[in-house]
Amino acid sequence: TEGGLRLSVKSAGDLTSALGSKLAVGQVAVVRGPYGRFGDKHSLWQGHAVWVAGGIGITPFLSLLQAEAESGSQRKILLIWSYREHGELPYEEEVRSYLERLPGLTFVHWSSKDRGRVSGKDIAEMLGGGQELVRRRYFICGPKPMMKALSRQLVDLGVHPRDVVFEDFNLI
């Protein structure tokens, strides 16, 4: 709805590491995509949700936060942003700004360096127990091993597999 396109790029190799020095304002770019259907799956869900972002996996949640705020949503959303180092949070202030506009939003910092990887049991504790765990839909975006492990843990704790949605932003 902004009339523009925002890209989030994690410096993870030769190509992505060089982008910052090779791109200039006003430069023409060819963009393909979007890939994935994360936002569509979220918009079809009207219940409470848990969003888990691993590092740069916060990116699709930024658009979802904007959509929630514009709709006047009253649903409960637990947003867990997992990261290694606190300096890895380029959109932290933007995410925090939604706390004022979305009364049902809870934002949890999760430093894997300090607390280990976020688990299904950790999420169950944050929600107050197993009954709340199975009443939510889970949207997960981050490193593939994190998404795979967390999805399995949630299902093992009683969450229906259809209620675990993840965005695989790896194209290779």
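One-based numbering along the sequence shown.
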Mind listing the closest non-hydrogen atom pair of [X] and [Y] along with its distance?
| X | Y | answer |
| --- | --- | --- |
| Arg136 | Asp163 | O-CB, 3.9 Å |
| Ser73 | Pro103 | O-CD, 4.4 Å |
| Gly120 | Leu154 | CA-CD2, 4.1 Å |
| Leu62 | Tyr98 | O-OH, 4.3 Å |
| Phe139 | Phe61 | O-CZ, 3.4 Å |
| Val134 | Val159 | CG1-N, 4.1 Å |

Which residues satisfy the salt bridge (Lys or Arg N to Asp or Glu O under 4.0 Å) test with [X], sequence neighbours excluded?
| X | value |
| --- | --- |
| Arg101 | none |
| Lys113 | Glu85 |
| Arg135 | Glu132 |

Problem set entry | Qualifying salt bridge (charged side-chain N to carboxylate O under 4.0 Å, His left out) pairs with a residue from residues 47-58, counting only residues at least two apart or across chains |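 Listed once each, the pairs would be none.
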
Exercise. What pairs of residues pass the salt bridge (charged side-chain N to carboxylate O under 4.0 Å, His left out) test when at least one of them lies in residues 115-124, not counting sequence neighbours?
Worked result: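 Qualifying pairs, neighbours excluded: none.
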
Going by the rule side-chain hydrogen bond (donor to acceptor under 3.5 Å, both in side chains), which residues pair with [X] if we only count those two or more places apart in sequence or in a different chain?
| X | result |
| --- | --- |
| Thr59 | Ser8 |
| Ser71 | none |
| Glu94 | Arg6 |
| Asp156 | none |

Whether the side chain of [X] engages the backbone of [Y] through a donor-acceptor N/O pair (distance < 3.5 Å, no angle test) should be reported.
| X | Y | value |
| --- | --- | --- |
| Ser112 | Tyr83 | yes |
| Glu70 | Glu68 | no |
| Trp81 | Gly57 | no |

For this session: Kindly indicate, with the supporting measurements, whether the criterion side chain to side chain contact (heavy atoms under 4.5 Å, CB included) is fulfilled by Trp51 and Leu78.
Result: CA-CA 6 Å; Trp51 299 349; Leu78 170 61; over 6 Å; no

For this session: Step by step, work out the side chain to side chain contact (heavy atoms under 4.5 Å, CB included) result for Leu105 and Leu65.
Result: CA-CA 9 Å; Leu105 177 64; Leu65 283 166; 3.8 Å; yes

Exercise. Under the side chain to side chain contact (heavy atoms under 4.5 Å, CB included) criterion, do Val118 and Val108 qualify, and how do the steps go?
Worked result: CA-CA 11 Å; Val118 65; Val108 175; over 6 Å; no

From [atom1] ([X]) to [atom2] ([Y]), nearest 0.5 Å:
| X | Y | atom1 | atom2 | result |
| --- | --- | --- | --- | --- |
| Phe166 | Ser151 | CZ | OG | 5.5 Å |
| Leu79 | Thr106 | CG | OG1 | 9.5 Å |
| Leu127 | Leu133 | CG | CG | 6.0 Å |
| Ser119 | Arg152 | OG | CZ | 13.0 Å |
| Ile140 | Met146 | CD1 | CE | 6.0 Å |

Problem set entry | Any pair counted as ring pair (Phe, Tyr, Trp, His ring centres under 6.0 Å), so long as it reaches residues 116-136, sequence neighbours left out |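 The answer is none; no pair qualifies.
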
Exercise. Among all residues two or more places apart in sequence or in another chain, which pass the side-chain contact (heavy atoms from CB on, under 4.5 Å) test with Gln27?
Worked result: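 side-chain contact (heavy atoms from CB on, under 4.5 Å) check on Gln27 returns Leu23, Ala24.
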
Exercise. Yes or no on side chain to side chain contact (heavy atoms under 4.5 Å, CB included) for Met126 and Ile80, after CA distance, side-chain angles and deciding distance?
Worked result: CA-CA 10 Å; Met126 286 182 236; Ile80 304 164; 3.8 Å; yes

Problem set entry | Side-chain heavy-atom pair His48, Arg137 within 4.5 angstrom cut-off |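 SC-SC contact between His48 and Arg137 ruled out.
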
Problem set entry | Partner set under ring pair (Phe, Tyr, Trp, His ring centres under 6.0 Å) for Phe107, not counting sequence neighbours |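 Listed in chain order: His109.
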
